[in-house]
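Worksheet: the structure to be examined is printed underneath.
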Protein chains: 2
Amino acid sequence: MPKETFFNLPETKRTIIETIAIDEFAEYGFDKASISRMTEKCEIAKGSFYQYFEGKKDLFLHLMDLVVKEKLKFLAPTMENPAEHNFFELLKDLYISGLEFANTHPKLVQIGNQVLKNKDHPVYYEAIGSNMSKSYKVFDSLLKLAISRGEVQPDIDISFVSYIISSMNLATVEYYFEVVKGDSDKVVEWNNDMLDTVNLFINFIKHGISVPIKEVVNNDKG
Amino acid sequence: MPKETFFNLPETKRTIIETIAIDEFAEYGFDKASISRMTEKCEIAKGSFYQYFEGKKDLFLHLMDLVVKEKLKFLAPTMENPAEHNFFELLKDLYISGLEFANTHPKLVQIGNQVLKNKDHPVYYEAIGSNMSKSYKVFDSLLKLAISRGEVQPDIDISFVSYIISSMNLATVEYYFEVVKGDSDKVVEWNNDMLDTVNLFINFIKHGISVPIKEVVNNDKG
DNA sequence: AAGTCATATGACTGCATAGTCACATTATAC
DNA sequence: GTATAATGTGACTATGCAGTCATATGACTT
């Protein structure tokens, strides 16, 4: 946790520090990010930094808090009453909000993924433990509900599907930015390409890719 | 590329260096891995290292070569005549060999994934460019074949499915080690849990999770 | 044995960083 | 206006690293 001094700062100064820190971590990654370079960019003294934070990790975890808070803003409307909608509609909304979040805050996503993807890194468990984690548990109950409604096959392995669905959320974002959009830096508005991407994933999750074996079809004209 | 001097080394010494380097990268990651520490562990002089390699990146890319070579050994039997088998059987074999590889060479997989997962890292493109890359292109033609055989739905987005199938290969390995096996360090023989894991993924890819909408079924007793 | 080439060595230079601390500056209280 | 607390400062220390180079050692040749 940042020290009290940091939270006593005028909001503008705090925001400058956070913004520059986000840039630094996005550009260099956690390991190569440098406190010295950051304080120079911020035009604050090295010593001041240590008045605000315990060290690099402390700062980074604070940024992760921001990521989660911001992400929740995007997620909130979707998750307000999850039981009211069809499971796949809910999933679609979820992926859409993930994509919208990534589109408006690409750097936050970038530093978030640094952690999310690097289970071997020492910071991983601290970041996950204090923040994210167990997002897959939400899916557990949603899946059970969906099964009882006849929307999802009853014989699936629920924890496996929860896992898949979580990881597909990231995959959607990645696929859009790397394949569809092409990872250029220009920011674009929400568009149909994004919706198409989400639909690709949802359809895949729904139906897979094999040709269904038809049940005994009795077509009188046959 | 390592210098000639390195390849002139007696094989035992070369292997020691490679093994210790793999340990170093697996433990600390690329950024934090230290040449000084490695040379100490190897009991070779710092100067000697620079007789063998241009620097850290050179060494790392050499290790990536080893990863790819070793992985190909596991893949080769499966890919010998890919057109002879049903698409999903081939895919299953592919995932199985991926899992077998990860099981016998966990550290190689670890350092391989460091790169594969970090598209932002400066080393990424060099490692990909010289080595892996375009594995998804193999799937393109296989998928077309599978469609023509009526094994796969004809209206899929081929490049999308190639992408998914590639990323599911990694996901299978991750799921097995993190969820099924529990990521303990003990090495185990090939077992049924691994096969079950692969089957979970293959079934998911085949059928998705939604309850199929039945075609007009005319069951006389209905 | 002398000469030549390949390899080994580790002290040394130079650089970037983390983190500290005695002191300066500003805000707040009385 | 003076005292006290909070915050700002940047030179300084200590650490660790990459990469070099003059020199030593060994191996092979004639």
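Residue numbers begin at 1 in each chain, while the letters A, B, ... track the order of the sequences.
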message: Please tell me if A:N8 has a side-chain N or O lying less than 4.0 Å from either OP1 or OP2 of D:dA6.
response: no
field: Close side-chain approach of A:Y52 and A:P2, heavy atoms under 4.5 Å
entry: no
- prompt: Taking for each residue the nucleotide of DNA chain D with the nearest heavy atom, is it A:A45 or B:E54 whose nucleotide lies nearer the 5' end?
  reply: A:A45
statement: Side-chain atoms of B:I44 come closest, of D:dG8, C:dT9, C:dA8, to C:dT9
- prompt: Taking for each residue the nucleotide of DNA chain C bearing the nearest heavy atom, is the 5' side occupied by A:S36 or by A:G47?
  reply: A:S36
task: For A:K32, report the nucleic acid contact type (base, sugar-phosphate, nothing); a contact means any heavy atom under 4.0 Å.
output: nothing
- prompt: Once you round it to whole Å, what is the distance between C1' of D:dG26 and CG of B:L9?
  reply: 14 Å
task: Evaluate the ring planes of B:F204 and A:F204, with Trp represented by its six-membered ring, and classify them as parallel (under 30°), tilted (30 to 60°) or perpendicular (over 60°).
output: perpendicular
- prompt: Of all the nucleotides listed (C:dA11, C:dA8, D:dG8), which has the minimum atom distance to the side chain of B:Y52?
  reply: C:dA8
query: With no angle test and no hydrogens, is the base of D:dA18 tied to the side chain of B:K46 by a donor-acceptor pair under 3.5 Å?
result: yes
- request: Please work out which of the three classes, parallel, tilted or perpendicular, describes the rings of B:F30 and B:F25, given edges at 30° and 60°.
  value: parallel
query: Can you tell me if the side-chain N/O atoms of B:K13 get under 4.0 Å from OP1 or OP2 in C:dA8?
result: yes
- request: Report yes or no: does B:K3 contribute a side-chain atom to a donor-acceptor pair with the main-chain N or O of B:E54 at less than 3.5 Å?
  value: no
- prompt: How many Å lie between CD on A:Q51 and P on D:dT9, as a whole number?
  reply: 10 Å
task: Return the value, rounded to whole Å, for the distance between atom NZ of A:K3 and atom P of D:dA5.
output: 19 Å
- request: Please tell me which of A:S48 and A:R37 maps to the more 5' nucleotide of DNA chain C, matching each residue to the nucleotide holding its nearest heavy atom.
  value: A:R37
